[in-house]
There are 2 protein chains.
Amino acid sequence: MKYVITIGREYGSGGRYIGKLVAEKLGINFYDNELIDKASKDSGINEAIFKTFDEKKESLLGAGIGAYRYDMSLSQKVFLAEFDTIRKIASEESCVIVGRCADYVLEGYKNVINIFICASLENKIKRAIEFYGFEPEKAENQINKINKKRKSYYNFYTDKTWGRASNYDLCINSGIGLDESVNIIVAYAKMRLNLK
Amino acid sequence: MKYVITIGREYGSGGRYIGKLVAEKLGINFYDNELIDKASKDSGINEAIFKTFDEKKESLLGAGIGAYRYDMSLSQKVFLAEFDTIRKIASEESCVIVGRCADYVLEGYKNVINIFICASLENKIKRAIEFYGFEPEKAENQINKINKKRKSYYNFYTDKTWGRASNYDLCINSGIGLDESVNIIVAYAKMRLNLK
């Protein structure tokens, strides 16, 4: 049986790491930045362009480059290429997919489990300093900016609200611990899919 | 060790029933309407008044009774009496508390686990017809109205947003099944509190 676990996540919540461990425990593939490589290859769009627009709908506008229409269409092309790749992957294999509105893209598909990982601001700051080298005094501001972009990207491309419990099957605050979060997700998936 | 599990829930999600089973499985007390009885006794406010204002901040206004200030203060009195009772219970015993902004009231307390239960509209309608005798053609509208009131009550009395994943430790869509939801919550609580 094929199934997909999508993981939406606040920046700094450890959602990517949790997703990677869930995939390892279940013996299925994991896609986060790997999705960009695949979508780039599938679509023929340059990978650098993907990295610029991936989950950031307004990045070039913010940087002051004025070619509005050009940017928007490039951003949308990237979204659509990722969209196609997500559907292709879902039809071919079981996997964990992090971000990229995968829950929305796979709406109506069978055996899709939608997870959201959040964390307290305190824990997000701690993680951003420890793992991503953020400066302590700038961390809160930077984290909030990144999460605002994720929210804006998600809300723009879907008809849903990022981080609202009713969009997902299961939402976990990773404050309980990353391994513990993994265990809960794996237990949930096994229950839902009748896996051994 | 004392602990409290608070359960926020969409109307029609089965959250009350899930909470009751969680309390039974963990061998702790359960408060939903029981809280009204207790708060009424503790405060000396008539129980009928409690039932009018419980989790419904604007009920009498909507009914066209014009004594705005009187209503508001009565509504607030009920909220504060429930608030006191929740804190009293939490200091005395382990329990499950459904609704009444208990997560907000107990902010900063040790060993409090905040859960939110949601469900698809389809499942909420099914449940409301089956268990609460709603007429099928009116169910959607009525459910949405009740949930709007819950949201408005919660958002009015707290600094948070009802149903936003980041407010809670764990959010579950009860579509996986009520018993399954109970099992996940119990497993989560045992992990978090190091219970056997």
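Side chains are part of it too, since the values below use all heavy atoms of this structure and drop only hydrogens, waters and symmetry mates. Each chain gets a letter, A, B and so on, in the order its sequence line appears, and its residues count up from 1.
Counting non-hydrogen atoms of other residues, nucleotides and ligands closer than 6.0 Å to NZ of A:K160 gives a total above 12.
Side-chain heavy atoms closer than 4.5 Å link hydrophobic residues (I, L, V, M, F, W, Y) into clusters, and following such links, possibly through other members, connects A:M191 to A:V96. Under the 4.5 Å side-chain heavy-atom criterion for ILVMFWY residues, no single connected hydrophobic cluster contains both B:I97 and B:I28. Linking ILVMFWY side-chain heavy atoms closer than 4.5 Å, directly or via other members, places B:F131 and B:F30 in two distinct hydrophobic clusters. B:V4 and B:L193 fall into different hydrophobic clusters, defined by Ile, Leu, Val, Met, Phe, Trp and Tyr side-chain heavy atoms under 4.5 Å apart, directly or through other members. Linking Ile, Leu, Val, Met, Phe, Trp and Tyr residues whenever their side-chain heavy atoms come within less than 4.5 Å places A:L80 and A:I89 in a single cluster.
Listed by sequence position, A:E180, A:N183, A:I184 are the residues of residues 178-185 of chain A in contact with chain B, using a 4.5 angstrom heavy-atom cutoff. Near-neighbour residues of residues 9-22 of chain A relative to chain B, defined by a heavy atom under 4.5 Å from a heavy atom of that chain, comprise A:E10. Interface with chain B: from residues 99-122 of chain A, residues A:F116, A:C118 qualify, criterion being any non-hydrogen pair under 4.5 Å.
The side chain to side chain donor-acceptor pair (under 3.5 Å) test applied to B:Y31 returns B:E93, not counting sequence neighbours.
Residues B:L170 and A:L170 form a side-chain contact, since some pair of their non-hydrogen atoms from C-beta on lies under 4.5 Å apart. In this structure, the side chains of B:I176 and A:Y188 come closer than 4.5 Å at one or more pairs of heavy atoms.
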